[in-house]
Number of protein chains: 2
Amino acid sequence: MCRVSLIPIRPGVESERRDAARNRELLLRAARELIEECGADGLTMGTLAQRAGVGKGTVFRRFGSRAGLMMTLLSDAEAAFQGRFMFGPPPLGPGAAPLERLIAFGEERIAWVLEFGELARAADVSAYNRFDVPAAVLWHRHLEMLLREAGVTADPWLMATSLSAVLEPERILHAVRVHQVAPERLAASWRELVSRVVRGA
Amino acid sequence: MCRVSLIPIRPGVESERRDAARNRELLLRAARELIEECGADGLTMGTLAQRAGVGKGTVFRRFGSRAGLMMTLLSDAEAAFQGRFMFGPPPLGPGAAPLERLIAFGEERIAWVLEFGELARAADVSAYNRFDVPAAVLWHRHLEMLLREAGVTADPWLMATSLSAVLEPERILHAVRVHQVAPERLAASWRELVSRVVRGA
DNA sequence: GGTCAAAACGGACTGCGGTCCGCTTCTATT
DNA sequence: AATAGAAGCGGACCGCAGTCCGTTTTGACC
């Protein structure tokens with residue numbers, strides 16, 4: 001529209017050129033449309049560029065890769081989930097007993113995967129650094145902390161790794177979509193598992 | 001060389017034309033060479049075809065896909081492992097207590113992943129049917145059976161799924177290669193986990 | 001408004017996995 | 001040995017993710 005001020009309203013991080021900002025919005029809007037129409041797996045970077053009316057180079061300049069784009073699309077949902085388990089009300093947030101929080105964490109994560117899992121799968125960077133994206137590290141640390149608080153002294157770091165593996169989107173989606181496992185059954189199994197891990201302490 | 005008999009020596013399954021058999025050998029040999037030289041991730045189907053002196057179509061006719069090729073390369077090691085946990089000596093094979101067998105299974109699998117994991121990762125078919133390849137199904141059933149024998153009555157099928165997730169090559173390789181976790185530490189954590197799962201029964 | 005370097009753009013290009021289909025080679029049969 | 005058709009072959013071809021680099025846009029400074 002019109003330039004309001006020469007001084008950036010939100011300086012620092014927000015130093016983004018007007019055309020870049022416009023294109024980012026165009027791309028995100030187009031990406032959401034395409035996913036709505038074709039699913040996350042059906043989105044190709046070329047089609048996205050075309051739909052948004054920009055060049056392919058622009059798409060990759062913005063998001064780095066297909067996985068990066070998916071992460072960006074996920075970031076809102078992810079931030080909300082993180083906020084809930086770090087600062088929200090019990091039993092997921094602080095205030096409840098560690099075991100209760102562990103149980104709630106798994107239950108909420110299962111629900112989250114059922115809602116955003118396809119996107120999360122598409123956001124998985126290939127190979128080795130998939131477990132080192134900020135969100136994964138945060139979940140891992142959270143689980144480790146809860147395990148410590150629950151009195152698990154035997155290598156809580158690796159135990160948190162194991163629990164993370166259990167909640168991986170790919171497995172959960174496979175159980176639900178292919179094997180018709182009901183989400184409540186998944187949650188019950190998680191409760192069972194985490195109770196035994198903690199009680200054995 | 002020379003044709004020994006018009007009647008196939010091993011009939012039935014072995015009905016493979018001579019040129020097809022020759023090309024399969026050429027391809028497997030070339031594939032092993034290339035993996036030796038460039039690693040499993042460095043092998044491309046085009047290069048493989050070239051090295052073996054056949055067309056690309058032939059490679060895909062034989063193995064279906066890159067993942068299929070990797071599975072074929074793995075099949076010997078996989079069959080050996082399966083034989084050991086199904087028919088071999090205790091504690092991995094039958095004869096030991098279920099918990100002992102579970103512990104041994106994890107330990108052996110960790111060692112197996114450290115030896116063949118890169119190949120196993122490359123053999124992962126994308127997306128949904130990755131957990132339904134015969135080998136994965138067999139491992140899952142084995143774990144489920146051991147859990148039942150150990151007295152785990154609460155949804156042994158899903159519990160076996162969770163334990164399988166813990167032993168996934170990708171996680172194990174990541175822990176060892178990126179986070180420098182010693183294999184014995186992985187084994188100890190597995191022992192701890194599976195003991196708690198079983199004892200809670 | 002005019003200037004200019006830095007930032008962003010866009011589409012041709014590469015390399016890959018995978019497919020297709022006309023051609024060649026094999027083998028059972030006579 | 002001749003034959004026929006099934007099995008196998010091979011490389012041109014496709015769609016995709018990701019890169020490169022000459023061109024265009026932007027906005028801070030004059």
Side-chain angles (χ1 to χ4, degrees), chain A residues 1-9 11 13-27 30-31 34 38-72 122-127, chain B residues 1-9 11-27 30-31 34 38-72 121-127:
Chain A
M1 297 297 195
C2 57
R3 194 186 315 169
V4 180
S5 162
L6 283 178
I7 299 162
I9 297 169
V13 186
E14 287 290 342
S15 62
E16 189 182 37
R17 253 170 59 167
R18 304 280 296 275
D19 52 349
R22 174 178 47 82
N23 280 340
R24 200 193 56 229
E25 290 312 313
L26 283 173
L27 282 167
L34 282 173
C38 323
D41 293 342
L43 179 147
T44 77
M45 300 301 263
T47 313
L48 173 59
Q50 207 171 349
R51 172 73 74 106
V54 304
K56 229 172 114 174
T58 303
V59 185
F60 282 91
R61 156 178 308 276
R62 267 302 125 227
F63 303 109
S65 69
R66 193 171 181 282
L69 165 69
M70 298 300 181
M71 280 191 206
T72 304
D124 273 345
V125 205
S126 64
Chain B
M1 298 299 192
C2 58
R3 195 185 313 169
V4 179
S5 163
L6 283 178
I7 299 161
I9 297 169
V13 186
E14 286 292 340
S15 62
E16 188 182 38
R17 254 171 57 169
R18 304 280 296 276
D19 52 349
R22 174 178 48 82
N23 280 341
R24 201 193 55 230
E25 290 312 313
L26 283 174
L27 282 167
L34 282 173
C38 323
D41 293 342
L43 179 147
T44 78
M45 300 301 263
T47 312
L48 173 60
Q50 206 170 349
R51 173 72 73 106
V54 305
K56 228 172 114 176
T58 303
V59 185
F60 281 91
R61 155 177 310 276
R62 270 297 130 229
F63 303 108
S65 68
R66 193 171 182 280
L69 165 68
M70 299 298 182
M71 279 193 209
T72 303
R121 240 176 7 88
D124 272 345
V125 206
S126 64

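Just so you know, these numbers use all the heavy atoms, side chains as well, and skip hydrogens, waters and symmetry mates. All chains are named by letter (A, B, ...) in the order of the sequence lines, taking the proteins before the strands, and each is independently numbered beginning at 1.
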- prompt: Does a nitrogen or oxygen in the side chain of B:Arg18 sit under 4.0 Å from OP1 or OP2 of D:dA7?
  reply: no
message: I need the NZ-C1' distance between B:Lys56 and C:dG17, as an integer number of Å.
response: 6 Å
- prompt: Which residues in residues 42-53 of chain A have at least one heavy atom lying under 4.0 Å from any atom of DNA chain D?
  reply: A:Leu43, A:Thr44, A:Met45
message: How many whole angstroms separate atom CD of A:Glu16 from atom P of D:dG27?
response: 11 Å
task: Quickly work out the A:Met70 CE to D:dG18 P distance and round it to whole Å.
output: 10 Å
Pick out the pairs of N or O atoms, protein on one side and nucleotides 21-24 of chain C on the other, that lie under 3.5 Å.
none

Rounded interatomic separation in angstrom, taking CG from B:Leu27 and C1' from D:dG10: 12 Å
message: As a test of reading the structure: which of D:dG10, D:dC9, C:dG17 is closest to the side chain of B:Val54, going by heavy atoms?
response: D:dG10
statement: Those residues at least two apart in sequence (or on a different chain) that pass side chain to side chain contact (heavy atoms under 4.5 Å, CB included) with A:Ala122 are A:Ala40, A:Arg66, A:Met70
field: Nearest non-hydrogen partners of B:Met71 and B:Ala123, listed with the distance
entry: CE-O, 3.6 Å
message: Applying a 4.0 Å non-hydrogen cut-off, can you work out what A:Arg62 is touching in the nucleic acid: base, sugar-phosphate, or nothing?
response: sugar-phosphate
query: Of all residues at least two apart in sequence or in a different chain, which pass the side-chain hydrogen bond (donor to acceptor under 3.5 Å, both in side chains) check with A:Ser65?
result: none
- request: Let me know the distance between CG of A:Asp41 and C1' of D:dG15, rounded to the nearest Å.
  value: 16 Å
query: Considering residues at least two apart in sequence or located in another chain, which fulfil the side-chain hydrogen bond (donor to acceptor under 3.5 Å, both in side chains) criterion with A:Arg51?
result: A:Glu33, A:Glu37
message: D:dG10, OP1 or OP2 - any side-chain N/O from B:Thr58 closer than 4.0 Å?
response: yes
message: Which nucleotide wins on minimum distance to the side chain of B:Phe60, given the candidates C:dC9, D:dC9, C:dT19?
response: C:dT19
message: I need the minimum non-hydrogen distance between A:Leu27 and A:Ala52, along with the two atoms involved.
response: CD2-CB, 3.5 Å
field: Rounded interatomic separation in angstrom, taking CG from A:Leu26 and P from C:dC9
entry: 10 Å
task: Considering just the side-chain nitrogens and oxygens of B:Asn23, establish if one lies under 4.0 Å of OP1 or OP2 belonging to D:dG8.
output: no
task: Could you state the atom-to-atom distance from CZ of B:Phe63 to P of C:dT19 in whole Å?
output: 15 Å
Distance-only donor-acceptor hits, side chain of residues 55-63 of chain A, under 3.5 Å, sequence neighbours excluded:
none

